[in-house]
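Right, one structure below, let's go through it.
Every chain is numbered from 1, with letters handed out A, B, ... down the list of sequences. Since the structure is predicted, the reported quantities are computational estimates derived from the model, not experimental observations.
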Amino acid sequence: MKEYNHLKIEKKWQKEWEKKGIYHAEDKSKKPKFYGLIEFPYPSGEGLHVGHIRSNTAMDIICRKRRAEGFNVLYPIGWDAFGLPTENYAIKTGIHPQKVTKKNTDIFRKQLKAGGFSFDWSREVNTTDPEYYKWTQWIFLKMYEKGLAYKDKININWCPKDKIGLANEEVVDGCCERCGTEVEKREKEQWMLAITKYAERLDKDLDDVNFLEKIKIQQRNWIGRSEGVEIEFRLSGVGHPTAIKVFTTRPDTIFGATFIALAPEIAKKITGKDFGIKIEIDRENKEKIGVDTGLKAKNPANGEMLPVFVVNYVSAEYGTGAIMGVPADDERDKEFAEKYKLPIIENYKKAGFKDYGKKITQFKLRDWVFSRQRYWGEPIPMINCEKCGWVPVPERDLPVELPKVKNYQPTDSGESPLANITKWVNVKCPKCKGHAKRETDTMPNWAGSSWYFLRYIDPKNKKSFADFKKLKYWLGNDPRHSGVDWYNGGMEHTTLHLLYSRFWHKFLFDIGVVPTSEPYAKRTSHGMILAEGGVKMSKSKGNVINPDEIIKIYGADTLRIYEMFIGPFDQSVAWSTDSIIGSRRFLERVWNLQYKVQKNKKYTEFEIEKTIKKVSEDIEEMKFNTAISTLMIFVNEIGKLDFISQDVYETFLKLLSPFAPHMTEGLWKILGHKNSINFESWPVYDLSKIKNKQIKIVVQINGKVRAEIMIRAEISEEEVKKQAISNETVSRHLSGKEIKKVIYVKNRLINIVV
RNA sequence: GCCCGAGUGGCGGAAUUGGUAUACGCGCACCACUUAAAAUGGUGUCCCGUAAGGGAUGUGGGUUCGAUUCCCACCUCGGGCACCA
């Protein structure tokens with residue numbers, strides 16, 4: 001008997017599969033296609049996380065099953081490599097981020113290959129490759145051309161300690177994510193993308209995609225669509241001809257309005273005065289403050305003159321920046337009214353929805369701040385000419401490559417380090433050939449990840465980001481109901497990445513370069529893997545599990561099985577090194593079953609049909625933990641027998657192969673097959689083969705289990721009742737009692753009510 | 001404050017449309033094999049009780065012949081949003 005040697009087996013088959021390129025997707029195929037996608041990793045210096053193994057294995061199992069079901073499968077991988085950690089490392093060490101990225105991707109690649117994932121490595125993409133970001137820049141230029149990219153003076157988050165502009169997502173509770181310093185607002189010219197123009201469609205089209213409900217809910221909350229009415233309140237008294245427009249979702253409460261509240265910016269616009277009211281960033285300070293502007297506004301419903309206040313709880317960025325205060329119906333207005341002794345009307349008359357204004361739709365979604373004052377990102381391909389203003393870099397000059405710099409530290413003025421490279425910055429205007437300067441801001445790291453799944457389809461194309469025919473094949477022909485077939489990723493990317501990439505895709509659809517209006521047909525999400533004890537894995541806590549070591553000791557197959565068995569796929573789970581042994585023991589049992597195989601004996605006693613059904617269904621629902629427990633139960637049962645017929649063993653190996661590809665491949669060859677188990681078709685089940693001559697029925701009395709009886713299948717209800725009542729234990733419990741009712745659930749239980 | 005999700009043995013967790021609660025795995029105990037240990041195999045393992053039986057799925061109530069599952073109220077934990085008018 002040969003022992004299960006995972007090191008030898010895994011190395012051997014990984015080499016063989018790579019050599020033969022068996023996981024390469026075909027661009028021209030008569031088979032139906034399946035495009036399975038995972039979020040491409042950020043190659044951090046910390047190496048692969050066991051969480052990567054979890055989500056990659058899940059999609060790997062689905063893709064392997066699809067191949068066995070006869071699909072032409074695309075399961076690609078790449079690197080989302082622009083970003084802060086690499087840049088910060090460069091600032092600290094002076095090593096070029098490209099070098100760091102190369103080193104990290106090499107490590108990640110090696111680690112992923114050791115996991116035995118069926119990626120098509122020939123399509124690897126890297127967002128920091130100029131051949132890749134050329135097209136990221138190209139998409140930006142198209143957006144500029146269509147008026148979706150524009151420059152605007154806005155408040156950005158500024159960390160006074162790091163002297164750096166921060167993205168919203170880098171601000172945690174009003175403080176810098178890295179140094180904890182309180183963030184200030186600073187006005188700065190930024191490139192913006194008009195995602196709000198797509199708000200309506202981004203919301204509505206969620207109806208047509210197969211995303212998990214909680215993902216749709218989060219997207220909808222983020223977009224924040226609400227229908228209301230815009231009402232004009234005419235100003236009078238101080239010689240103001242203007243009116244104040246108010247947005248409300250409750251126009252029916254207009255008779256209860258006792259004041260008007262303005263955002264500070266709006267008040268300044270109307271009166272030209274600064275009232276010293278500020279909207280605090282500090283979220284804990286929720287006390288409502290206001291100043292009376294002295295203006296009066298006429299309520300169009302009843303002609304009453306209402307005082308107009310500047311307040312700190314109305315934002316200029318939502319609605320019209322002005323509200324009607326209805327203290328009787330709104331908690332915030334009530335708090336304000338009580339503090340400033342304003343009247344609170346109860347029992348006022350209700351108005352109709354559109355009686356005093358016109359219906360409009362508002363969104364919480366804001367336009368996307370697209371500029372970063374950083375080095376390690378895609379340069380924004382724009383040139384500022386003294387005469388012509390902003391001029392896009394001509395397409396033929398793409399990509400605008402990142403120049404070499406000596407110092408990656410941002411400048412004191414908050415500009416990108418690129419601003420110091422005068423040779424790079426100073427250019428001729430493409431229009432008038434006059435003196436001009438390049439934009440020195442770069443794109444956020446959400447840019448490259450907004451379209452990477454399209455590049456996988458045609459990664460080496462030099463003429464376009466991807467050939468349209470290939471896009472049509474892999475995304476489908478139906479413009480409304482297609483895209484990547486199945487996209488799995490983390491919940492943390494539900495609002496930003498998922499929304500941004502849907503926005504970009506819709507834009508590309510509108511200009512006719514992609515065939516579908518939605519990028520992803522189906523989206524699911526995984527839970528995180530936490531350290532033992534349920535805390536986050538982190539270097540500083542020293543509780544990070546390195547997958548390499550687990551693979552070395554137990555094998556990739558064991559790690560894969562363990563991570564799929566660890567708990568429900570969509571929930572967070574705590575790592576437990578002690579429990580891995582169970583997955584290893586299971587695989588060893590499977591391995592040892594080969595010595596019980598008898599070639600010519602037909603095996604009829606045990607039903608593999610149920611196992612096929614359950615495992616097949618569980619994979620589709622991502623219930624990998626119960627799929628594995630089903631496989632374990634089968635092995636436990638079959639292990640009790642003296643011999644196993646080869647056909648049953650082979651069917652079992654096919655079911656196990658997506659989970660443990662290396663071992664099953666090894667066994668497949670040992671059984672005498674020349675071809676890879678990867679080319680075998682997925683087992684089908686035939687429920688009619690399950691012969692249940694005897695069925696176990698539970699007998700309850702008043703809902704309490706008292707006995708079990710065996711019945712023949714298909715006997716009548718009357719006979720089952722007779723048999724149940726005649727049971728010894730049952731009759732003992734029934735003696736001296738009157739039977740009121742008998743409930744019979746077919747093939748399951750009988751409940752006698754006394 | 002609002003919106004999601006989850007509370008089941010010592011631990012990770014199972015449970016079809018409401019139908020045997022605790023599958024599968026870890027751990028633990030005992031047995032076999034062994035000079036011994038490890039490994040492996042076997043048996044047992046929610047609680048009380050010798051047993052018959054009784055009690056348990058965060059807490060309290062309800063619907064039902066029957067509730068982990070459905071309804072109401074509350075508590076705890078995780079995630080998201082946050083003065084959104």
Side-chain angles (χ1 to χ4, degrees), chain A residues 3 212-218 220-222 224-226 228 246-251 253 261 263 279-280 283 285-288 311-315 317-326 329-333 335-336 362-366 491-492 494-495 527-528 530 532 534 561-562 565-568 570-583 585-586 588-589 592 614 617 623 625-636 639-640 696-708 729 732-733 740-754:
Chain A
E3 262 184 42
L212 288 183
E213 203 49 40
K214 62 176 172 180
I215 294 174
K216 285 193 184 182
I217 289 168
Q218 264 196 35
R220 288 216 160 96
N221 287 345
W222 189 265
R225 183 181 199 280
S226 71
V246 153
F247 175 73
T248 178
T249 53
R250 293 290 309 279
T253 64
I279 297 207
E280 303 287 326
R283 288 169 179 172
N285 179 14
K286 284 186 174 177
E287 202 198 336
K288 312 241 174 314
V311 302
N312 69 339
Y313 71 96
V314 171
S315 158
E317 289 171 10
Y318 185 77
T320 57
I323 61 160
M324 57 179 199
V326 185
D329 249 282
D330 186 287
E331 278 297 314
R332 295 154 302 172
D333 294 344
E335 196 187 323
F336 185 80
Q362 278 292 336
F363 296 92
K364 284 191 214 171
L365 190 66
R366 300 273 74 92
M491 275 315 277
E492 70 274 19
T494 299
T495 41
M528 279 193 298
L530 304 168
E532 307 211 20
I561 294 274
Y562 169 67
F565 187 60
I566 192 168
D570 60 345
Q571 282 172 35
S572 291
V573 282
W575 180 267
S576 163
T577 299
D578 286 346
S579 303
I580 299 173
I581 191 71
S583 300
R585 282 179 193 147
F586 165 63
E588 278 174 6
R589 273 180 214 135
N592 291 332
K614 177 82 172 129
E617 288 170 355
K623 291 180 175 175
N625 53 337
T626 50
I628 289 171
S629 84
T630 305
L631 293 168
M632 285 173 169
I633 291 167
F634 185 82
V635 168
N636 291 347
K640 290 175 192 159
K696 191 168 77 180
I697 295 278
V698 168
V699 185
Q700 295 184 335
I701 294 166
N702 287 347
K704 284 207 157 85
V705 180
R706 296 298 179 190
E708 283 170 8
T729 322
R732 180 158 52 82
H733 276 97
K740 280 187 186 160
K741 202 172 170 186
V742 178
I743 290 131
Y744 177 58
V745 183
K746 204 181 174 202
N747 296 344
R748 215 165 251 289
L749 63 72
I750 184 160
N751 188 14
I752 303 166
V753 185
V754 296

- Task: Can you check each nucleotide of nucleotides 11-17 of chain B against protein heavy atoms at under 4.0 Å and return B for base, S for sugar-phosphate only, - for none, in 5' to 3' order?
- Result: -BSS-B-

- Message: Go nucleotide by nucleotide along RNA chain B from the 5' end; which of A:N636 and A:G321 gets its closest nucleotide reached first?
- Response: A:N636

- Query: Does A:K741 have any salt bridge (charged side-chain N to carboxylate O under 4.0 Å, His left out) partners at least two apart in sequence or in another chain, and if so, which?
  - Reply: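 Residues passing salt bridge (charged side-chain N to carboxylate O under 4.0 Å, His left out) with A:K741: none at all.
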
Assign [X] to base, sugar-phosphate, or nothing according to its heavy-atom contacts below 4.0 angstrom with the strands shown.
| X | value |
| --- | --- |
| A:E708 | base |
| A:M632 | sugar-phosphate |
| A:R366 | nothing |
| A:I580 | nothing |
| A:K364 | base |
| A:S315 | base |
| A:N221 | sugar-phosphate |
| A:K696 | base |
| A:I217 | sugar-phosphate |
| A:E213 | nothing |

- Task: Please confirm whether A:K288 makes a cation-pi placement over A:F336, using NZ or CZ under 6.0 Å from the six-membered ring centre and within 45° of the ring normal.
- Result: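 No, A:K288 does not lie over the aromatic ring of A:F336.
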
- Message: Looking at A:K288 and B:C83, is any side-chain donor or acceptor paired with a base atom of the opposite kind under 3.5 Å?
- Response: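 Per atom types, the contact qualifies.
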
